[in-house]
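Structure first, commentary second.
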Amino acid sequence: MMRGIMLLGLAYVLSQFFRAFLAVLSPFLRADIGANPEDLAFASGLWFFAFAAMQLPVGWALDTIGPRRTSAVLLLIGGGGGAALFAMATQPVHIDFAMVLIGIGCAPVLMASYYIFAREFPPARFVVLASVMVGVGTFGNLVASYPTAIAAETIGWRASLWALCAVTTLTALGIWAFVHDPATPEGEERGSLLAVLKIKALWFIFPIMSVSYAQLGALRGLWIGPYFEDVFAADAHQIGIATLLMGIAMVIGTFAYGPLDKLIGSTKLIVIIATTFNLAALIGLVIYPASSLVLSTVFMAAVGFFGATYALVISHGRKFLPPQLIGRGMTLLNLCSIGGVGVAQFLSGKAYAASQPATNLQTPYVVIFTLFAALMAAGLFIYLFSRETNE
């Protein structure tokens, strides 16, 4: 099973890469096929919406046919096929279709590993295992930064996408070969989505789940590239370094929060503190949007570190899920997270377009940062009333 878990980890690295690589490729795509920031915001939003739309079917599939076939088939057809379509793109609409396919392919991989963790390991270990998996996957953000910029300049963005197609296909085949479905106890009650929705405690977690990753995914996955390019005239190398630093901050945060949860013993408290600092970093971007490239990079890295609470929030929700609802429950939480990014991408794209023509270069981005800060504040306020455990 360890080989299977490692392959699911690699698949999640690819998932993290695909949601973040447009920021680095933005200069190349703008020059080659005429894709502007609004086009890329739309394409990135489609990835997240396709990913989110698949969560409920994936939840059913995990509880019904298991993680092996669910993750392998979707990753092969959607991930591998979408990367191939992207490599052949000649206009922005082709990227839209490619990102939808890739979103479908990436949809089951993290939830498949979480399903295995929840079924095969004690509940007390779930938060650490979940944090480690997200931390490993976040290395995809690092690859989607400076290394991708170098690859695009060296061998071209099309060749880079063909290489990703090959890696994704081989990973999917490896999952089919080495992942084993956990045993389902005989006579276990079958769950339903309606049963998950009846768990009142989750309704105080859904909002923070919807916004905590939304601004992080939107900034790291798209807006950091155009923002640095337009406001600071940053080139591909500078954007790559900034996104690399933000990705490193995300990795450090993700690995730190799991052990910190065990040390402090309150998932809710850690989420509240981290989210408050995350909100402060967003406000910093609103107040000082064009002060310096270095300061904006620091704020982005702070968003990366303090925004890396995904595993903590989903672990908080996991505490209220009985065994028969694990698949559907966790995928519903994940739907909120990924769907929130999709909504944030579309809203931020519209905000960018509405602020044109801008009085200065930073105005569209101040509007975007303000939007993200407002969403974060609303989610944090509701989360304050959540319960710590099911007891």
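Counting from 1, the numbers follow the sequence of the chain as shown.
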Inset, instruction - Would you check if the side chain of Thr171 reaches a backbone N or O of Val167 as a donor-acceptor pair within less than 3.5 Å? - result: yes
Legend entry - Closest contact, heavy atoms only, Val231 versus Leu361: CG2-O, 3.8 Å
Inset, instruction - Could you pull out the closest heavy-atom pair between Leu245 and Thr297, with the gap in Å? - result: CD1-CG2, 3.8 Å
Inset, instruction - Treating Ile, Leu, Val, Met, Phe, Trp and Tyr as nodes and any side-chain heavy-atom pair under 4.5 angstrom as an edge, say whether Leu75 and Val73 lie in one connected cluster. - result: no
Inset, instruction - Answer with yes or no whether the side chains of Tyr114 and Asn334 bring together a donor and an acceptor at under 3.5 Å. - result: no
Legend entry - Phe86 and Phe21 aromatic centres sub-6.0 Å: yes
Inset, instruction - Could you tell me how the ring of Phe320 sits relative to the ring of His316: parallel (under 30°), tilted (30 to 60°) or perpendicular (over 60°)? - result: tilted
Legend entry - Reported CG-to-OH distance for the pair Leu219 and Tyr227, which is rounded to 0.5 angstrom: 10.0 Å
Inset, instruction - Would you tell me whether Tyr383 and Ser212 have side-chain atoms, one donor and one acceptor, within less than 3.5 Å of each other? - result: no
Legend entry - Nearest-0.5 Å distance, OG of residue Ser71 to OH of residue Tyr12: 14.5 Å
Legend entry - Value rounded to 0.5 Å, distance of NZ in Lys200 from CG in Leu202: 12.5 Å
Legend entry - Pairwise distance CE(Met330) to OG(Ser337) - rounded to 0.5 angstrom: 13.5 Å
Inset, instruction - State the CD-CG distance between Gln215 and Leu375, to the nearest 0.5 angstrom. - result: 9.5 Å
Inset, instruction - Please work out whether the ring planes of Tyr365 and Phe369 are parallel, tilted or perpendicular, with thresholds of 30° and 60°. - result: tilted
Inset, instruction - Could you check whether the rings of Phe306 and Phe277 sit parallel, tilted or perpendicular, using 30° and 60° as the cut-offs? - result: parallel
Inset, instruction - Could you state whether Ile287 and Val367 fall into the same hydrophobic cluster, counting links through intermediate Ile, Leu, Val, Met, Phe, Trp or Tyr residues with side-chain heavy atoms under 4.5 angstrom apart? - result: no
Inset, instruction - Indicate the atoms forming the closest heavy-atom contact of Ala43 with Leu22, along with that distance. - result: CB-CD1, 4.4 Å
Inset, instruction - For residues Val58 and Ala107, report the shortest heavy-atom separation together with the two atoms involved. - result: CG2-CB, 4.4 Å
Inset, instruction - State plainly whether one hydrophobic cluster holds both Phe18 and Phe346, where clusters connect Ile, Leu, Val, Met, Phe, Trp and Tyr through side-chain heavy atoms under 4.5 angstrom apart. - result: yes
Legend entry - Heavy-atom neighbours of Phe97 CZ exceed 12 at 6.0 Å: no
Inset, instruction - Give a yes or no on this: more than 12 heavy atoms of other residues, nucleotides or ligands lie within 6.0 Å of atom CZ of Phe121. - result: yes
Inset, instruction - Evaluate side chain to side chain contact (heavy atoms under 4.5 Å, CB included) for Met246 paired with Phe305, printing each intermediate quantity in order. - result: CA-CA 8 Å; Met246 190 175 183; Phe305 180 83; over 6 Å; no
Inset, instruction - Give, for atom CZ of Phe206 and atom CG of Leu333, the distance between the pair rounded to the nearest 0.5 Å. - result: 5.5 Å
Inset, instruction - May I ask you to check whether Asn278 and Thr275 show a side-chain donor-acceptor distance below 3.5 Å? - result: no
